[in-house]
Protein chains: 2
Amino acid sequence: MPHPPVPTANPVVVEITRGDLVESRHRGALAVVDRTGSTVIGLGNIVAPVYPRSAIKLMQALPLIESGAADRFGLTDAEIALSVSSHNGEPQHVAAVRSMLGKAGLSEADLECGPQLPARDEDRCALLARGEPPRRIHNNCSGKHAGMLAAAMHLGLERRGYVRHDHPLQQRIRATMAEMTGTDLTTDRCGIDGCSVPTWAAPLEGWARAFASVATGRDLGADRRAAIERIRRAVAAHPFMVAGSGRFCTRVMEATGAAAFVKTGAEGVFCAALPDRGFGVALKIDDGASRAAETLMAAVLCALGGLEGKARAAVETLARQPVTDRNGNPVGEMRASAELRAALA
Amino acid sequence: MPHPPVPTANPVVVEITRGDLVESRHRGALAVVDRTGSTVIGLGNIVAPVYPRSAIKLMQALPLIESGAADRFGLTDAEIALSVSSHNGEPQHVAAVRSMLGKAGLSEADLECGPQLPARDEDRCALLARGEPPRRIHNNCSGKHAGMLAAAMHLGLERRGYVRHDHPLQQRIRATMAEMTGTDLTTDRCGIDGCSVPTWAAPLEGWARAFASVATGRDLGADRRAAIERIRRAVAAHPFMVAGSGRFCTRVMEATGAAAFVKTGAEGVFCAALPDRGFGVALKIDDGASRAAETLMAAVLCALGGLEGKARAAVETLARQPVTDRNGNPVGEMRASAELRAALA
């Protein structure tokens, strides 16, 4: 579609109230592409390059499936779900990453993602109580890294340095994403992600276009289509593996099943594919806040997801949440702004 | 000063880069008032009402000092610093709150602030290891609450319900803040803070004006002036008590001593008084992010604080910080925006 003039500031999409006032405001941009490849919602600047961070792990995992590595190493659906995860480092996540590495003849020492403490208090405290430091296997990206390593092994690539932007595996991922977004992904728009792999910036509209293809298979070859469907099915069957206890992605997909694939990324990015409706969604909160990205994604799912009954109720809960004091009393709320509601109406 | 037309969006004040791109942007407003009571910097909308949250704990503690309660109960300087703190719930903080309560003939059960886990992993894990739930005394506001209770006891006020906006203690605090900000503080602009006490909204410019008086004593009676100086001296002598290990307020005041009083509040609010220079500062990040409020405050202190040598170097470190991946490699930075640098030049 032809783009209207780019506004100087993205619109307020999520607001947090306290008493009678709006206390805080999050601005952001949202792109939704439909099954024909048309941009049906473009709120804010959707042509500026955006680092997708972890929101596109599904695409980063395609070589693992498409190369035949997942079959050769006998990865389970739970492990495939983990290969596209930003997990909490809970015991089940860590055990499954260890299993993936073992199946590919690899070990924790091969991971190049840097150490990270588990997300939950109980898991952090269990480590501290054993006097152990956080390790690479606890990194929220360790499932993705285990999958990248398995793909590199199967493809006969050098495993050391698999995180470098010029490594053949990362170049293969770049080419896949360039094709699916319809964007040149160039090194002057390449950052290094928190787990040390490259993150290639593309317009939000391009990421939404890619996720519309994830939803529908449109313009994709049979192998890619099959690989994407396999990942979507694996995640729908194991939503715990893609995030963890209490996490937004897990809660949404526990509620929606295969009707929505949603994936969070750092700095306020979120992507989704809605297979039943044929929509691809990409959004970015200007200031990087996860609370706003989640609220915005929940509002989009309510508006576009075709959800009903319990699934709809579960997602509505995430789209409008009370702010409470530490005594548990409601003192305000986090909700979609009027401008966002109008755009989604 | 006459106000220019209010812009529709506050300017970007802090930006986070990754690779060659700006990845995230924080907008906000900043007011600086000088020793004559003039607004010398007004960036963004400084006339809209802002909940000051914990950034004005110094003013909430004035009845404790002015009533004579602190003297009667023999509070130490460390305990007075704690009465204006948002502390980490570290063992020293918890012990000092218990001491304050004991001196006033009160107990943990009198606190009405709601329970909260300590901020640091080691303290959270120590609680969990003992099988104990978080308690009210661990609440980051428990020092303030102990001070409010001590003041209420000394003034012969009902202690139950001391957090309610119509309690005489809260009305006394409201009157003090109305006077110092030059603003009517009304119940239609009164929210409930996370610790259940009222938070009264006033323009950012009003909060900056109040903190200019905190810096200079201008327009204040002798008792108030003495009370403020006593609190400022107590905090300068015990910066650990006002926040805790690794915290921004503690790090800044360890470096600057009495040259800067800085206090953070939730949802991206920060206030400061610079006694040597006679400035009062109030700022609010639109989206509520602490990382941006801290970066903005550090930039303001570098520009206005008259800091030199080690103190300046320590604050400069906080005004421009590397973003690293989990391997510790620099991948970007968090820094003042060009628009902010121009406003502070």
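Below, chains carry the letters A, B, ... as their sequence lines are ordered, and counting in each starts from 1.
- Between A:Asp121 and B:Leu117, some side-chain heavy-atom pair lies under the 4.5 Å cut-off.
- For A:Ala201, the part lying under 4.5 angstrom from a heavy atom of chain B is the side chain only.
- Using a 4.5 Å cut-off on side-chain heavy atoms (C-beta onward), A:Glu122 and B:Leu128 make no contact.
- Counting non-hydrogen atoms of neighbouring residues, nucleotides and ligands closer than 6.0 angstrom, the CG atom of B:Asp184 reaches no more than 12 such neighbours.
- For chain B, no part of A:Thr324 is nearby; none of its heavy atoms comes within less than 4.5 Å.
- The pair B:Asp286-A:Arg25 does not count as a salt bridge, with every side-chain nitrogen at least 4.0 angstrom from each carboxylate oxygen.
- Ranked by heavy-atom pairs shorter than 4.5 Å toward chain A, the options B:Pro115, B:Cys141, B:Gly191, B:Pro49 are led by B:Pro115.
- Annotation for A:Ser196 and B:Asp325: closest pair OG-OD2, 2.7 Å, computed over non-hydrogen atoms.
- In this structure, no portion of A:Glu15 lies under 4.5 Å from any heavy atom of chain B.
- Of the listed residues (B:Glu267, B:His26, B:Gln116, B:Arg326), the one with the most heavy-atom contacts under 4.5 Å to chain A is B:Arg326.
- Of the charged side-chain nitrogens involved, none lies within less than 4.0 Å of a carboxylate oxygen, so that B:Glu23 and A:Arg189 do not count as a salt-bridged pair.
- Chain A forms the most heavy-atom pairs under 4.5 Å with one residue out of B:Ala48, B:Gly19, B:Gly194, B:Ala289, and that residue is B:Gly194.
- No more than 12 heavy atoms of other residues, nucleotides or ligands shown are found within 6.0 angstrom of CZ on A:Arg164.
- For A:Arg136, no part lies under 4.5 angstrom from a heavy atom of chain B.
- Ranked by heavy-atom pairs shorter than 4.5 Å toward chain A, the options B:Asn327, B:Asn329, B:Asp287, B:Ile192 are led by B:Asp287.
- Of all heavy-atom pairs spanning B:Arg27 and A:Ala9, the tightest one is NH2-CB, 3.4 Å.
- There is no contact between B:Thr17 and chain A, counting heavy-atom distances below 4.5 Å.
- Contact annotation for A:Leu21: both backbone and side-chain heavy atoms come within less than 4.5 Å of a heavy atom of chain B.
- If you measure heavy-atom distances from A:Cys113 to chain B, the contacts under 4.5 Å come from the backbone alone.
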